[in-house]
Amino acid sequence: MRFSNLLFNSLKESPKEAKIVSHQLMLRSSMIQQHTSGIYTWLPLGFKVLKNIEEIVRSNQDQIGCNEMLMSTIQSSDLWTKSGRYADYGKEMLRIKDRHDNELLYGPTNEEVITDLFSNYVNSYKGLPKYVYHIQWKFRDEIRPRFGVMRGREFLMKDAYSFDLDHDKAVKTYQTFFMCYLKTFKELGLQPIPVKAATGAIGGDLSHEFQILAKTGESELAYDPELVSQDLLEKSFDEITSMYSASDEMIDKSKSNVVIGRGIEVGHIFNFGTKYSEPLECYVLNNEGKKVTPYMGSYGIGVSRLTAAIIEAFHDDKGIKWPFNISPFKINIISSNDKFIDIAGELYDTLSKKYINISFDDRDLSLGRKIKDSELIGIPWSLIIGKNFDEKNEFEVINRSSGEKFFVNKQELENFQFEQYTP
RNA sequence: CGGGGAGUAGCUCAGUCUGGUAGAGUGUCUGCUUUGGGAGCAGAAAGUCGCAGGUUCGAAUCCUGUCUCCCCGACCA
């Protein structure tokens with residue numbers, strides 16, 4: 001993408017409504033624009049990031065045999081009345097009436113819809129287990145939206161649902177998703193702390209929140225420091241969950257060797273048994289031909305929230321520092337002045353064949369301004385063609401994260417390991 | 001929903017107390033000079049002062065109503 005074609009306008013000052021750094025940087029770098037309280041338009045840069053995160057989440061779901069599908073945003077109230085949640089959900093649910101006066105709602109979650117769908121498609125224990133997910137916009141009419149997309153009313157969520165024959169199998173499934181989540185977050189550059197959670201409105205006997213440590217996190221948590229210092233992917237579910245972690249009121253202050261911090265909840269998983277399958281009359285026939293009710297679980301990841309959470313984790317006073325695979329652009333080509341614009345353009349064409357998502361700042365602006373924008377947006381690499389090219393035929397490559405500079409000739413540039421980037 | 005604050009140019013904000021021609025910085029546009037870290041000079045465009053009503057000769061400013069946004073709390077991916 002050439003900057004001359006990009007819908008982008010960096011702001012030097014933060015709009016005053018933004019209180020936390022991720023919100024400020026998202027506004028300053030033209031990632032989002034607020035439409036109304038808690039509802040945002042995703043501008044080109046923000047949308048690219050959102051899709052990159054979505055893709056990482058998607059590939060990890062696919063790896064555990066989870067089926068991607070797409071359920072509607074608008075739902076009928078019928079199923080919710082059946083499950084008993086139409087009344088329970090209260091004002092957080094956005095209720096709508098169509099022209100026939102039918103009661104509809106903008107889905108805040110999908111347990112009802114998927115349970116109903118499942119009961120129509122799977123009738124035998126042989127069809128179990130089944131995992132399905134979708135990545136879809138949700139709406140919860142929060143009392144007080146805040147912090148930009150961190151707590152919006154409209155948000156993009158990956159929600160998966162599992163169906164198992166019995167409780168033990170459902171627990172195994174739960175563990176599979178648990179480990180899948182750790183891997184997903186690691187690919188996003190994050191190491192969240194799995195916190196035992198109260199099961200709340202969704203109910204069930206087993207639930208974990210995945211919290212990213214951040215000063216601006218909304219909830220307090222206490223945890224065993226080993227949950228942060230060790231690679232959890234090398235441990236088993238039992239080893240991990242035997243370490244101490246607790247949130248808010250569940251924190252045991254008498255515990256020693258425990259760290260108190262604040263966290264951003266980026267994922268939440270539940271094992272809730274037959275809480276929905278039973279009232280919605282979802283069953284399969286077992287090997288004796290008898291009706292049994294599947295055991296279910298649901299598994300959420302806040303995709304739009306993750307954009308903000310990742311910025312909270314990776315930024316400095318100059319702007320965002322995107323991990324390579326999340327960044328809207330991987331390499332930003334900058335010509336220091338118009339003299340090099342053609343050479344820069346050729347380089348852009350060449351590199352575009354090798355990498356996806358290269359950008360070329362072809363605007364007629366001073367070098368300083370272009371570098372500032374590149375830093376603000378958080379592009380992992382800037383590639384400058386300027387005086388060093390003139391004098392020594394060298395390109396200058398700057399790493400956003402470390403600030404390191406490399407001077408390379410054309411041959412070296414071709415072999416340069418741009419992917420080796422971690423903030 | 002309770003408590004607090006704010007709506008004036010794209011953005012940040014002054015002006016409101018004490019009514020009298022709508023302001024600054026930044027950004028935008030044009031021209032020239034520039035071009036290695038948000039360049040310089042000159043010029044220009046840009047706001048029904050959130051909306052509605054009222055008081056007044058006259059309202060951004062005073063009064064009434066209303067809408068929206070933000071912050072603190074209880075709920076949540």
Side-chain angles (χ1 to χ4, degrees), chain A residues 9-20 23-24 27-28 30 33-39 53 57 88-93 107-110 135-160 181 192 197-202 207-212 218-219 247-249 263-270 298-309 318-319 334-341 361 363-376 382 384-391 396 398 403 405 407:
Chain A
N9 184 19
S10 64
L11 294 176
K12 211 181 245 185
E13 292 168 294
S14 292
K16 64 176 171 183
E17 72 263 22
K19 304 295 171 188
I20 63 169
H23 190 195
Q24 291 170 344
L27 291 170
R28 287 186 54 208
S30 288
Q33 189 186 53
Q34 178 163 323
H35 178 71
T36 185
S37 180
I39 299 178
I53 293 171
V57 171
D88 293 354
Y89 228 91
K91 289 195 164 181
E92 243 182 61
M93 179 183 276
T109 180
N110 287 66
I135 299 173
Q136 176 65 293
W137 292 92
K138 310 286 190 295
F139 193 93
R140 292 182 193 169
D141 199 357
E142 298 280 343
I143 299 168
R144 189 156 84 83
R146 67 185 107 172
F147 302 147
V149 298
M150 190 77 89
R151 172 172 301 291
R153 292 193 290 174
E154 186 182 59
F155 57 96
L156 187 63
M157 180 166 126
K158 185 285 298 179
D159 44 324
Y181 269 38
T199 49
I202 294 183
S207 176
H208 283 89
E209 294 171 1
F210 292 80
Q211 300 261 3
I212 304 299
E218 290 195 81
S219 47
S247 68
D248 288 334
E249 66 281 357
I264 300 166
E265 185 184 350
V266 290
H268 200 157
I269 59 177
F270 302 86
S298 72
Y299 316 87
I301 289 181
V303 176
S304 49
R305 173 180 287 181
L306 270 169
T307 60
K318 293 174 180 168
I334 299 172
S335 61
S336 79
N337 72 48
D338 269 357
K339 201 165 114 190
F340 308 107
I341 200 92
D361 194 341
R363 297 173 299 174
D364 184 19
L365 295 172
S366 69
L367 177 66
R369 173 75 179 277
K370 288 196 255 194
I371 293 177
K372 290 284 184 199
D373 276 350
S374 198
E375 289 170 338
L376 174 65
S382 291
I384 298 173
I385 302 163
K387 72 176 187 199
N388 292 294
F389 187 80
D390 218 14
E391 293 163 5
E396 179 174 351
I398 306 179
K405 294 181 180 181
F407 297 92

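Per chain, numbering begins at 1; letters A, B, ... match sequence-line order.
Checked against B:U12, B:G37, B:A77, the side chain of A:P15 finds its nearest nucleotide in B:U12. Proximity note for A:E142 (side chain, C-beta onward) versus B:C75, B:G36, B:G38: the nearest is B:C75. The nucleotide whose nearest atom lies closest to any side-chain atom of A:N337 is, among B:U35, B:A77, B:G37, B:U35. Relative to the side chain of A:E396, the nucleotides B:A77, B:C76, B:G36 differ in distance, and B:G36 lies closest. Comparing B:C1, B:G38, B:C11 against the side chain of A:K91 picks out B:C1 as the nearest.
A:R28 contributes a side-chain N or O that forms a donor-acceptor pair with the base of B:G38 under 3.5 Å.
Summarising the base pairing, B:C1 is matched to B:G73 through a Watson-Crick or G-U wobble pair whose two defining distances lie under 3.5 Å. Under the Watson-Crick and G-U wobble criteria, each requiring two contacts below 3.5 Å, nucleotide B:U64 is paired to B:A52. Nucleotide B:U21 forms no Watson-Crick or G-U wobble pair with any nucleotide shown, as no partner meets the under 3.5 Å limit on both distances. Summarising the base pairing, B:U28 is matched to B:A44 through a Watson-Crick or G-U wobble pair whose two defining distances lie under 3.5 Å.
Counting non-hydrogen atoms under 4.0 angstrom, A:S10 reaches a base of the nucleic acid. Residue-level contact check: A:I398 touches the bases, meaning some heavy atom is under 4.0 Å from a base atom. Across all strands shown, A:G386 has heavy atoms under 4.0 Å from base atoms, whether or not it also approaches the sugar-phosphate. Using a 4.0 Å heavy-atom cutoff across all strands shown, A:G267 reaches sugar-phosphate atoms only and no base atom. Across all strands, A:N388 comes closer than 4.0 Å to base atoms (heavy-atom distances). Within the nucleic acid shown, A:V266 comes within 4.0 Å of sugar-phosphate atoms alone, with no base atom in reach, counting heavy atoms only.
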Tabulate atom names and distances for all N/O pairs under 3.5 angstrom spanning the protein and nucleotides 25-33 of chain B.
{"from": "B:G25", "atom 1": "N2", "to": "A:E13", "atom 2": "OE1", "distance (Å)": "3.1"}

Close N or O pairs between protein and nucleotides 67-70 of chain B (under 3.5 Å):
{"from": "B:C69", "atom 1": "OP1", "to": "A:T36", "atom 2": "OG1", "distance (Å)": "2.7"}
{"from": "B:C69", "atom 1": "OP1", "to": "A:S37", "atom 2": "N", "distance (Å)": "3.0"}
{"from": "B:C69", "atom 1": "O3'", "to": "A:Q34", "atom 2": "NE2", "distance (Å)": "3.2"}
{"from": "B:C70", "atom 1": "OP1", "to": "A:Q34", "atom 2": "NE2", "distance (Å)": "3.3"}
{"from": "B:C70", "atom 1": "OP2", "to": "A:S37", "atom 2": "OG", "distance (Å)": "3.1"}

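A:Q34 pairs by the side-chain contact (heavy atoms from CB on, under 4.5 Å) definition with A:Y40, not counting sequence neighbours. Take A:R153 and apply the side-chain contact (heavy atoms from CB on, under 4.5 Å) test, not counting sequence neighbours, and it matches A:T36, A:S37, A:I39, A:F139, A:D141, A:E142, A:P145. A:I398 meets the side-chain contact (heavy atoms from CB on, under 4.5 Å) test with A:S382, A:I384, A:E396, A:K405; sequence neighbours excluded. Residues meeting the side-chain contact (heavy atoms from CB on, under 4.5 Å) test with A:N337, sequence neighbours left out: A:K339, A:F340.
B:G50 sits 14 Å from B:C11 when the P atoms are compared, rounded to a whole Å. Atom name P, nucleotides B:G25 and B:A44: the rounded distance is 14 Å, in whole Å. Spacing between B:G40 and B:G58 at atom C1', rounded to whole Å, works out to 44 Å. The same atom, C1', is picked in B:C76 and in B:U68; the two are 24 Å apart, to the nearest Å. Taking atom C1' in both B:A22 and B:C49, the straight-line distance is 8 Å, to the nearest Å. A gap of 32 Å separates the C1' atoms of B:G53 and B:U12, to the nearest Å. For the P atoms, the distance linking B:A6 with B:C17 amounts to 15 Å, nearest Å. For the C1' atoms, the distance linking B:U33 with B:G47 amounts to 33 Å, nearest Å.
Looking at heavy atoms from C-beta onward, A:Q211 lies out of side-chain contact with A:P192 at the 4.5 angstrom threshold. Side chains of A:H208 and A:F270 form no contact here, defined as non-hydrogen atoms less than 4.5 Å apart. A:D159 is listed as a side-chain neighbour of A:K138, based on a closest heavy-atom distance under 4.5 Å. Between A:Q24 and A:K19, every side-chain heavy-atom pair lies at or beyond the 4.5 Å cut-off. The closest side-chain heavy-atom distance from A:H268 to A:Y181 is not below 4.5 Å. For the pair A:E218 and A:F147, the minimum side-chain heavy-atom distance is below 4.5 Å. Within the 4.5 Å cutoff, no side-chain heavy atoms of A:W137 are placed close to those of A:V303.
Between A:H23 and A:D338, the residue anchored closer to the 5' end of RNA chain B is A:D338, taking for each the nucleotide with the nearest heavy atom.
Between A:S366 and B:U35 there is no side-chain polar atom (N or O) within less than 4.0 angstrom of OP1 or OP2.
In this structure, CD of A:E218 is placed 12 Å from P of B:C76, rounded to the nearest angstrom. What separates NZ of A:K138 from P of B:C75 is a distance of 23 Å, to the nearest Å. If you measure from atom CZ of A:F407 to atom P of B:G36, you get 14 Å, rounded to the nearest angstrom. Taking atom CZ of residue A:R151 and atom P of nucleotide B:A77, one finds them 8 Å apart after rounding to whole Å. Atom CD1 in A:I341 sits roughly 16 Å away from atom P in B:U35 (whole-Å rounding). For A:D361 and B:G36, the CG to P distance is 15 Å, given to the nearest whole Å. Per the geometry, NZ belonging to A:K370 stands 14 Å off P belonging to B:U35, to the nearest Å. Distance CZ (A:F389) to C1' (B:U35): 17 Å, rounded to an integer number of Å.
A donor-acceptor pair shorter than 3.5 Å cannot be found between the side chains of A:S30 and A:N9.
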